[in-house]
Each structure stands twice: as C-alpha cells, then as structure tokens.
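Just so you know, these numbers come straight off a predicted model, no measurement behind them. Residue numbering restarts at 1 for every chain, and letters A, B, ... go by the order of the sequence lines. Values below: every heavy atom of this structure, side chains too, minus hydrogens, waters and symmetry copies.
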2 protein chains.
Amino acid sequence: MRVVVPFAARRPKTRLSDALSADERAAFARAMLADVLAAVAAAGREPEVLATAPLGVEWPVTVDERPLTAAVNRVLAGEADDASEDEADDASEVGVGDEAVAVVMADLPLATPAALSRLFDADGGVVLVPGRGGGTNALVARHPEFRVDYHGASYRDHRAAARRAGVEPAAVDSYRLSTDVDERGDLVEVLLHADGRARDWLVDAGFELSVTEGRVGVERR
Amino acid sequence: MRVVVPFAARRPKTRLSDALSADERAAFARAMLADVLAAVAAAGREPEVLATAPLGVEWPVTVDERPLTAAVNRVLAGEADDASEDEADDASEVGVGDEAVAVVMADLPLATPAALSRLFDADGGVVLVPGRGGGTNALVARHPEFRVDYHGASYRDHRAAARRAGVEPAAVDSYRLSTDVDERGDLVEVLLHADGRARDWLVDAGFELSVTEGRVGVERR
C-alpha cells in the first residue's frame, strides 16, 4: 500500500491567520506534517509526500504544482510521479490498479499509529475518514476507478464516487483522524490530545488552554 | 453495567438559539435523546435517563434537579435514585462500588451501537470519550472513587481525577461519540452522518447542506 500525504507547501493554513503569522503558519504546518509522517512510519508504512513545491523531509517527495484533487487523482491513476511519457507507460502497468493507495492529509496532528492502522487495515474497496464539516481527512482506495474531488462536501461526494465505481464505501470512526486543524478553535484539540511536534510548536509559541465561563479556547502568552 | 443518559429537560441547547427557536430546540434535543437511547438499547444495554424534570420516554427516568456534575456524582456514589434515607442505605450496598456505570451525553445523534459497544467493552477502570473543545461526551467508570466535574476542560480534569483514584485513564477514539451537537455548525455533522430522529427532525424543519465557496454549512428553506 502506498501512503501519500499531500502538502500545500506555499501559503498553508490561511484560515489560521487570526492566530498565526504567515511564517508561523508555515512552520506549524511543517510540524503537523512531521507528526503525520512519523505516525505513518510508526504504523509500519513508508509515507510519500505529495507537495506543491520542493521541501526537505526524510521521506520521498513528489512535486506536483496542480491543485490537490488533480494531484491526488494522478496518483490514483497510477501515473509515474516524475516520469517521462515512456516511463509513465511503464509505470502505469504497475500503477494503482494493482496496489492500494492511502491518502492522509497533512493537518492531522492527533493521528496515532493505532488510529492509522485502523484505516490501513480496514476492509473495503474504498475506505473513508470524514473530517469535521464534510471533508475527507483520509482514505484508502483499492478500486482502480475511484477518483477524488476535494472541493465542497467531499465526504458525501466520495461516497457517491465509490458507489459509481461499484463499491460500497466503508468508514473508519476515529476522532483523531477526523480532527483536521484549520482554525484557531482547532488548536484546543492539539493542546489537549496531541503529543508531537505540532503541540510542542504551539507550546513554544506561547499557546495554552484558557477556560472562560466554561468554554475552552486557547490564548497566547 | 448501568448506562445513564443525563438530559437537561428545561431550556436545552441554548447555543443553538441562532438556528432554532426555544420550542424547536426542545424538540430537537428530545429527538437527539431518542437517538442516543435507541443506540444504547441496540448495543444491548438498558438506558436510564437522568433528567432535570419529568419526561415521557420508554426507559426509566430519574429526576434530579441539581446541576449535571452533582446529579452524575450521585449516581457514581451508588446512591439510590429516588429512595428514602433507609432505602438509600440499602441501595448503597449494591451501588456503583459493585457495578460499572456508563454516562453517555444526550446530544450525540451520531452515536451508533457499534461505537457505543467500543466504549462499553473497552478495558479500564475509567474510560473516557472526549468531546470537541475539551469536554467529556461519554465515559465508563468502574472505580468506586472516580467522580466527575463537567465544568470547563472536563476531559483533562477527568484524566487527572482518574489518576488521583489510582487508575490510568483509557480513551475510545470515535468521531461519532466525540461529536456533540451544540452549535449551528454542528448541524452539518447531523445531516451528513446521522440517520435517526434528529436528522429527520432537521430535514423536516427545512435544513439542508449548503456549500459556499468550498465551505460546508447548513441553510434553512
């Protein structure tokens, strides 16, 4: 099984702009990516990063400047990552038609090896993990015709896409994998439930939990 | 194992006031309660409602007008629900010291029998399910000294309380159980992932998903 982690290397996490500067968002996004890659590796898989620009990590990186959906669908189609046309022809013969592909988003710092193993080991031609708000935080595709569309309510659309491919979609019920970090309020979850680089980064940056009138948020020292 | 479902019978779900009138909030809260009770029953357990005022449901109801924390701790202490002092003395001899207690919040319309069974069957003296924002959506207590405090960041506090009782807290990683419905944005999750009375109520009330510039929300016809 290939495990692909897409990463927006330029201007990531713009919805955190009320909490972090652009440079801080980039650093925090890299910390979350490192946590996800470490969790995938600890689950016994070799992660591959699918990035919009080159970046230095200890795992293989494929650069594809196109939007997320197009870049992921290229992987699902089994096309060679950086191949010439001739090589692409060869690669397509050993492409995803013959191999499962997992796609795990890079903004899941609560991911643990146990939660990821539940995903990787789940039965099904298409296995989906919803994100809060209708997104798709992670998936495993074992059917050669399944394609993604991350725009809008992608979880619902991916269920329909699986059925169009003749597969009844399965789901993995995991709070850790369903918690993507997009907005200031999501930082609460990182401080409470994560224990890797993303949490350390937030703590070093001065973030801590605040409880005001029974509501839990974050504040920065 | 006792399975207790606390329910605020008066003025429930005030944080939904931007989406629903007071009467609608009461009806929607009752629909969510019905879904939780049905899921508990389908998981093979007999739910008990712990309500702040009498209400008609097909399961046993104990009325305790006190705040949530005090009412739940009375159950955890093994005191008889509606007993006179003499009866309470008897009841305490067969109280929670001898029996596990599960506490499942009433605003979890995504709960399924499978997710609840993972909670009920999980090993541990104290098993916790976090809610988004630091709360505790469900728990199982098998240790006679464990007590709850639902104010503020209760998940963190409950972990500490378990350790004070000499128990390493366990957790169940379930998006369905971690999704409590408090605010308008949470209605997206009900429309997408639930299939019981709460979802039907929302659909009948005219709510549907809306996708605007890639963001998913709800709108009302």
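Heavy atoms of B:R215 lying under 4.5 Å from chain A belong exclusively to its side chain. Contacts between B:Y150 and chain A at a heavy-atom distance below 4.5 Å are absent for every atom of the residue.
Around atom CZ of A:R15, more than 12 heavy atoms belonging to other residues, nucleotides or ligands sit under 6.0 Å away. Summarising the local packing, CZ of B:R163 is surrounded by more than 12 heavy atoms from other residues, nucleotides or ligands at distances under 6.0 Å. Atom CD of B:E65 sits in a sparse spot, with 12 or fewer heavy atoms from other residues, nucleotides or ligands closer than 6.0 Å. A 6.0 Å sphere centred on CG of A:D200 holds more than 12 heavy atoms belonging to other residues, nucleotides or ligands. For B:D18, the CG atom is densely surrounded, since the number of other residues' heavy atoms within 6.0 Å is greater than 12.
Of the listed residues B:G133, B:S154, B:G217, the one with more heavy-atom pairs under 4.5 angstrom with chain A than any other is B:G133. The candidate with the highest count of non-hydrogen atom pairs below 4.5 Å against chain B, out of A:T212, A:L177, A:L209, is A:L209. The choice from A:L191, A:V216, A:V211 that makes the most heavy-atom pairs within less than 4.5 Å of chain B is A:V216. Among the candidates A:G135, A:G185, A:A171, A:A153, the residue making the largest number of heavy-atom pairs closer than 4.5 Å to chain B is A:A153.
To the nearest 0.5 Å, atoms CG (B:L192) and CZ (A:R132) are separated by 11.5 Å. Note that CD of B:E189 and OG of A:S178 are 8.5 Å apart. Values are rounded to the nearest 0.5 Å. Between the OH atom of B:Y175 and the OG1 atom of A:T179 there is a distance of 7.5 Å, given to the nearest 0.5 Å.
Closest approach of B:S174 to A:D173, counting heavy atoms only: OG-OD2, 2.6 Å.
Residues of residues 106-131 of chain A that come within less than 4.5 angstrom of chain B, heavy atom to heavy atom, are A:A115, A:R118, A:P130, A:G131 in numerical order.
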